[in-house]
Amino acid sequence: DTGVSQDPRHKITKRGQNVTFRCDPISEHNRLYWYRQTLGQGPEFLTYFQNEAQLEKSRLLSDRFSAERPKGSFSTLEIQRTEQGDSAMYLCASSLAAEATNEKLFFGSGTQLSVL
Amino acid sequence: DAKTTQPTSMDCAEGRAANLPCNHSTISGNEYVYWYRQIHSQGPQYIIHGLKNNETNEMASLIITEDRKSSTLILPHATLRDTAVYYCIVRLLYALNFGKGTSLLVTP
């Protein structure tokens with residue numbers, strides 16, 4: 001068990017550029033979550049997958065945000081046409097979920113995005 | 001999910017018990033109480049969760065009142081490495097709704 005891995009740890013980009021983050025969950029975990037955290041706030045839920053199916057995406061912040069998990073293993077989060085307000089920590093978490101209400105999430109260390 | 005209320009910050013002396021309160025007066029019957037913590041520059045870490053009964057694991061104890069409107073996380077012997085932001089979350093569906101949590105400072 002190597003934990004949830006996120007890449008890159010830090011990303012600096014210019015406004016208007018596209019960025020993509022990768023998350024590798026714990027092996028055999030079927031659920032994968034994306035969260036965003038801004039300074040001084042708790043993490044904010046964005047979207048989640050069960051295997052390759054994206055079951056909730058209504059809380060993605062805008063249509064510039066999209067996520068995929070094509071083979072039910074790793075996932076990517078893409079932000080198109082980045083804005084300065086997108087600067088935040090993007091966290092990924094995974095779980096082996098039997099019941100939604102009795103589920104432990106394991107988080108990665110996040111990708112810190114800075115939009116200049 | 002029910003809303004939670006936590007103190008903004010707390011201090012605790014190293015070696016003493018840290019008792020972190022959480023109010024969740026609007027909790028419904030099938031919502032679990034979860035606790036996570038976040039050490040600076042790391043992702044949140046699961047600590048413990050419970051529904052009605054008190055729970056204990058190697059990290060902490062969770063005491064839930066009989067009416068389930070509040071709970072307390074207990075770190076029995078706090079160490080400097082327990083300095084972190086502690087989040088109390090009441091969860092029914094898929095998303096954990098983190099608030100601002102309690103910033104716990106453990107002092108020597």
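Numbers restart at 1 for each chain; the letters A, B, ... are given by sequence-line order, proteins then strands.
B:S71 and B:H24 are linked by a side-chain donor-acceptor pair at a separation below 3.5 angstrom, with hydrogens and angles left out of the test. Side-chain N/O atoms of A:Q37 and B:Q38 include a donor and acceptor closer than 3.5 Å. Donor-acceptor pairing under 3.5 Å is recorded for the side chains of A:Q50 and A:R31.
Chain A forms more heavy-atom pairs under 4.5 Å with one residue of B:P44, B:G99, B:S41 than with any other, namely B:P44. Among A:S109, A:G42, A:G108, A:P43, the residue with the largest count of heavy-atom pairs under 4.5 Å with chain B is A:P43. Comparing A:R59, A:E44, A:Q6 by how many heavy-atom pairs each has under 4.5 Å with chain B, the most go to A:R59.
Residue A:H29 is tested with A:S94, A:S73, A:S95 for a side-chain hydrogen bond (donor to acceptor under 3.5 Å, both in side chains); the sole match is A:S94.
Under a hydrophobic clustering in which Ile, Leu, Val, Met, Phe, Trp and Tyr are joined whenever their side-chain heavy atoms come within less than 4.5 Å, directly or via other members, B:W35 and B:I27 fall into the same cluster.
Contact annotation for A:E56: only side-chain heavy atoms (C-beta onward) come within less than 4.5 Å of a heavy atom of chain B. Heavy-atom distances place no part of B:S103 under 4.5 Å from chain A, backbone and side chain included. Heavy atoms closer than 4.5 Å to chain B are found in the side chain of A:L91, but not in its backbone.
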